[in-house]
Amino acid sequence: MSHIIVIGAGQAGSSLTAKLRKLGFDGQVTLIGEESAPPYQRPPLSKAYLLGEMERERLFLRPESFYADQKIDLRLGARVDAIDAAAKTVTVGGEVLQYDQLALTTGSEPRRLPAAIGGDLDGIYTVRGLPDVDAMAPEFMKGRHVLIIGGGYIGLEAAAVAAKSGLKVTLVEMADRILQRVASTETSDFFRKLHGEHGVDIREGVGLARLTGEGRVTGAELSDGSTLDVDFVIAGVGITPATGLAELAGLDLENGIKTDAQGRTSDAAIFAAGDCASFPRAGGRIRLESVPNAIDQAELVAENMVGAEKTYVPQIWFWSDQYDVKLQIAGLNTGFDQVVVRDGGASRSHWYYRDGQLIAVDAMNDPRGYMVGKRLIDAGKNADPAVVADASADLKPLLKT
């Protein structure tokens with residue numbers, strides 16, 4: 001009987017194994033995860049779950065009974081020690097498992113602050129998994145001071161939750177502005193103003209020199225010479241693809257685990273999907289860190305593992321919730337040379353163009369603008385900047401051009 005092993009029990013791994021069964025694959029399916037919890041949603045961790053607005057069980061993507069019902073051997077709290085690609089074996093917990101095909105859905109890992117600058121002190125947290133958020137939750141007490149390192153979306157979401165919980169929040173971003181790597185100046189300006197209105201002290205162009213304390217963090221020295229007394233620290237300084245097992249298996253790496261357009265790695269029997277995998281697109285190679293990509297890419301890999309030979313064409317979208325603002329992003333703004341602002345007062349969107357072609361949209365409480373922009377981008381169509389800039393203009397006719 002054919003055996004498919006999937007390593008990484010997150011969104012991608014859960015989606016891949018469920019899709020295999022939906023496609024009628026009747027061989028053995030084993031899903032291996034290091035955490036003790038069954039596969040769960042990550043986005044609510046730093047928002048509703050941390051705020052206490054979502055119970056733990058509601059995080060789970062599927063009831064744990066689903067895996068047993070679907071004859072998926074779900075192994076939790078299990079660490080893979082070795083992959084022998086030549087022998088087609090995986091060693092986990094001292095047991096050697098034989099596979100016919102293997103999928104790596106190992107996700108990504110948070111970057112951590114170096115021990116040399118105090119990164120090994122207690123009271124320093126990252127926002128990645130359920131254990132991280134469970135560990136930091138008791139720190140969120142009104143009146144305490146949290147220092148957040150990094151002005152990307154993870155850092156800003158953590159700042160919003162802390163501010164809503166009544167904490168004093170200082171956020172430092174080493175770059176000239178928050179969101180500099182992922183968004184336009186206009187989007188950075190919008191979120192800087194939003195956080196300022198909620199009392200968050202954002203310091204841009206300021207890095208962390210070192211954290212101080214005896215055993216536990218109590219202070220911070222910043223690159224501009226200023227010092228802070230802090231109760232705890234959240235490091236939101238980015239993530240890296242989890243490629244350790246791929247290296248053990250001798251797979252090619254390039255910005256993650258290198259795959260072809262069908263999700264196959266340099267070993268024909270091994271596939272990869274989700275945050276850990278890079279794939280070809282538009283003459284280059286990209287890696288997407290998003291829930292939609294984890295689901296879509298994993299499901300396509302499942303199809304290809306049973307012989308579909310399909311090419312992955314991503315529908316690129318992301319989202320972020322901060323205070324009462326829902327940010328929805330469609331497309332990738334890489335290389336943009338023009339931003340058109342559509343200001344509807346309560347709603348607002350920023351439309352990115354490159355060489356006159358629409359490539360991405362940031363929509364803040366503007367679901368209609370997001371929907372139209374996403375459909376245009378997915379279809380490779382354009383949008384007249386003059387129409388976009390006129391907040392009173394109906395965007396729907398753009399879909400017919």
Side-chain angles (χ1 to χ4, degrees), residues 1-45 48-49 54-83 88-109 128-134 242 245-246 249 257 263 269-277 290-308:
M1 180 182 290
S2 181
H3 187 191
I4 293 177
I5 295 179
V6 180
I7 302 175
Q11 182 77 68
S14 178
S15 299
L16 197 160
T17 53
K19 185 69 171 182
L20 284 172
R21 289 307 191 211
K22 189 174 181 179
L23 291 168
F25 177 74
D26 60 1
Q28 284 181 269
V29 176
T30 301
L31 176 58
I32 302 171
E34 287 192 5
E35 294 188 41
S36 59
Y40 57 85
Q41 308 172 66
R42 291 187 186 274
L45 288 176
Y49 182 72
M54 177 182 280
E55 296 177 357
R56 180 185 174 93
E57 288 70 24
R58 286 181 57 205
L59 290 172
F60 299 160
L61 295 167
R62 296 172 173 87
E64 195 163 356
S65 59
F66 167 87
Y67 302 94
D69 294 343
Q70 293 294 311
K71 295 183 171 55
I72 297 169
D73 180 11
L74 177 61
R75 301 190 177 204
L76 300 175
R79 182 177 180 84
V80 173
D81 301 308
I83 297 174
K88 290 188 175 181
T89 62
V90 169
T91 302
V92 54
E95 182 180 3
V96 178
L97 305 177
Q98 192 83 36
Y99 66 82
D100 294 283
Q101 294 184 96
L102 175 68
L104 298 177
T105 55
T106 47
S108 52
E109 301 166 339
R128 189 59 189 160
L130 187 54
D132 297 321
V133 176
D134 284 343
L245 290 176
I257 304 170
I270 304 178
F271 292 74
D275 284 9
C276 66
S290 74
V291 169
N293 174 69
I295 296 170
D296 294 346
Q297 192 178 24
E299 291 188 344
L300 176 121
V301 162
E303 292 185 67
N304 289 338
M305 293 181 93
V306 297

Close side-chain approach of [X] to [Y], heavy-atom, < 4.5 Å:
X	Y	answer
Ile83	Leu104	yes
Pro39	Leu31	yes
Gln70	Val29	no
Arg128	Ser108	yes

- Item | Greater than 12 external heavy atoms within 6.0 Å of Asp26's CG | no
On a heavy-atom basis, which atom in [X] and which in [Y] lie closest, and how many Å separate them?
X	Y	result
Pro43	Val291	CG-CG2, 3.6 Å
Ile257	Ala242	CD1-O, 4.4 Å
Leu16	Ala298	CG-O, 3.6 Å
Pro38	Leu76	N-CD1, 3.8 Å
Ile295	Ser15	CG1-OG, 3.7 Å

Only pairs under 3.5 Å count here: list side-chain donor-acceptor contacts from residues 2-11, not counting sequence neighbours, and write none if there are none.
residue, atom, partner, partner atom, Å
His3, ND1, Gln98, O, 2.7
His3, NE2, Thr30, OG1, 2.8

Does [X] have any salt bridge (charged side-chain N to carboxylate O under 4.0 Å, His left out) partners at least two apart in sequence or in another chain, and if so, which?
X	answer
Arg21	none
Glu303	Lys310
Glu95	Arg75

- Gln297 side chain vs Gly274 backbone, donor-acceptor pair below 3.5 Å: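 Between the backbone of Gly274 and the side chain of Gln297 there is a qualifying donor-acceptor contact (under 3.5 Å).
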- Sort out for me which residue in Val80, Thr91, Thr89, Val92 forms a side-chain contact (heavy atoms from CB on, under 4.5 Å) with Leu97. Val92
- Note on the structure: Glu35 meets the side-chain hydrogen bond (donor to acceptor under 3.5 Å, both in side chains) criterion, sequence neighbours left out, with Tyr40
Straight-line distance of [X] [atom1] to [Y] [atom2], nearest 0.5 Å:
X	Y	atom1	atom2	result
Ile32	Asp73	CD1	CG	8.0 Å
Gln28	Leu20	CD	CG	13.0 Å
Arg42	Ser290	CZ	OG	13.5 Å
Met305	Ile270	CE	CD1	9.5 Å

Donor-acceptor contacts under 3.5 Å from residues 56-69 side chains, at least two apart:
residue, atom, partner, partner atom, Å
Arg56, NH1, Asp134, OD2, 3.4
Arg62, NH1, Ser14, OG, 2.7
Tyr67, OH, Ser14, OG, 3.0

